[in-house]
Amino acid sequence: MDRGTYGYYKSYNKKNLIISAILLAGILIGVIVCVVKYKTTSNVLILPAVILAIPFAKFIVAFILGAKYKSISIEDKDKLEDIFADNEEVKILYDMTISAKDVVTGAPVIVIYDGNIHYIPYSKHKDAHKEVQKSVFMDTIKSAGYEDECTVTSYNNINNLIKGVNTTIKEESRFNATRSVYERLVILCLT
């Protein structure tokens with residue numbers, strides 16, 4: 001599943017959990033074989049189990065950190081896609097997590113139109129990281145070369161987001177700005 005598609009978090013977390021389980025099984029098998037066969041773990045055969053602990057830690061931490069992020073409801077996703085399906089200039093990204101200097105931030109849904117970013121922040125981030133999120137998204141717009149004429153707006157629910165995007169839709173848009181910002185966000189996505 002590609003970054004920015006609906007259900008990406010669920011797929012990403014499932015993959016991390018499966019890999020963690022396989023690595024944990026390898027670690028346990030290695031330890032059990034050493035203990036049963038040699039009655040000690042002070043043996044060179046324990047080395048593969050110790051080495052497997054490093055990627056296991058990486059995947060289990062990714063799973064734990066990613067488990068707190070949830071997608072928007074399927075009804076909200078369908079509502080968004082029904083409204084904007086005919087407009088090729090509107091780009092929708094789902095399940096996005098982006099790293100800034102000292103914080104990981106993102107949104108379950110980001111709608112990009114005319115280079116402007118409209119998003120719903122994760123509920124835990126609504127107040128604490130609002131300014132950080134806006135600055136991360138503004139940096140993305142700047143890196144795409146559209147800093148002066150684009151905006152970043154957060155909304156507290158899907159209906160307000162749809163209203164906000166609809167109020168910015170004009171007859172002529174800067175499709176290149178939308179595409180550039182979209183591509184930059186996909187590249188910056190952590191997972």
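Computed from a predicted structure; not experimentally measured.
Heavy-atom neighbours of Lys10 NZ from other residues, nucleotides or ligands within 6.0 Å: at or below the threshold of 12.
Nearest heavy atoms, Pro48 versus Val44: CD-O, 4.0 Å. When every heavy atom of Lys70 is checked against every heavy atom of Pro108, the shortest pair comes out as O-CB, 3.7 Å.
Formation of a donor-acceptor pair under 3.5 Å by the Asn160 side chain with backbone atoms of Tyr155 is not found in this model. Judged by distance alone, with hydrogens and angles left aside, the side-chain atoms of Tyr6 form a donor-acceptor pair with the main-chain N or O of Ile72 at under 3.5 Å. Counting only distance, with no hydrogens or angles, the side chain of Asn43 and the backbone of Cys34 share no donor-acceptor pair below 3.5 Å. A donor-acceptor pair under 3.5 Å links the side-chain atoms of Asp95 to the main chain of Gly7, judged by distance alone.
In this structure, CG in Asn13 is found 11.0 Å from OH in Tyr69, a value given to the nearest 0.5 Å. Note: Leu93 CG to Asp2 CG = 11.5 Å, rounded to the nearest 0.5 Å. The structure places NZ of Lys58 at 7.0 Å from CG of Asn16, a figure rounded to the nearest 0.5 Å. Note that CG of Asn87 is 9.5 Å distant from CD1 of Ile92, once rounded to the nearest 0.5 Å.
Among residues two or more places apart in sequence or in another chain, the side chain to side chain donor-acceptor pair (under 3.5 Å) test is passed with Tyr94 by Glu81.
Residues Asn166 and Phe84 form a side-chain contact, since some pair of their non-hydrogen atoms from C-beta on lies under 4.5 Å apart. Side-chain contact check for Asn157 versus Ile120: every heavy-atom pair is 4.5 Å or farther apart. Using a 4.5 Å cut-off on side-chain heavy atoms (C-beta onward), Leu161 and Val111 make contact. Side-chain contact between Thr153 and Asn116 is absent, with no heavy-atom pair separated by less than 4.5 Å.
Phe59 pairs in a side chain to side chain contact (heavy atoms under 4.5 Å, CB included) with only one of the listed residues (Leu23, Leu17, Ile18), which is Leu23.
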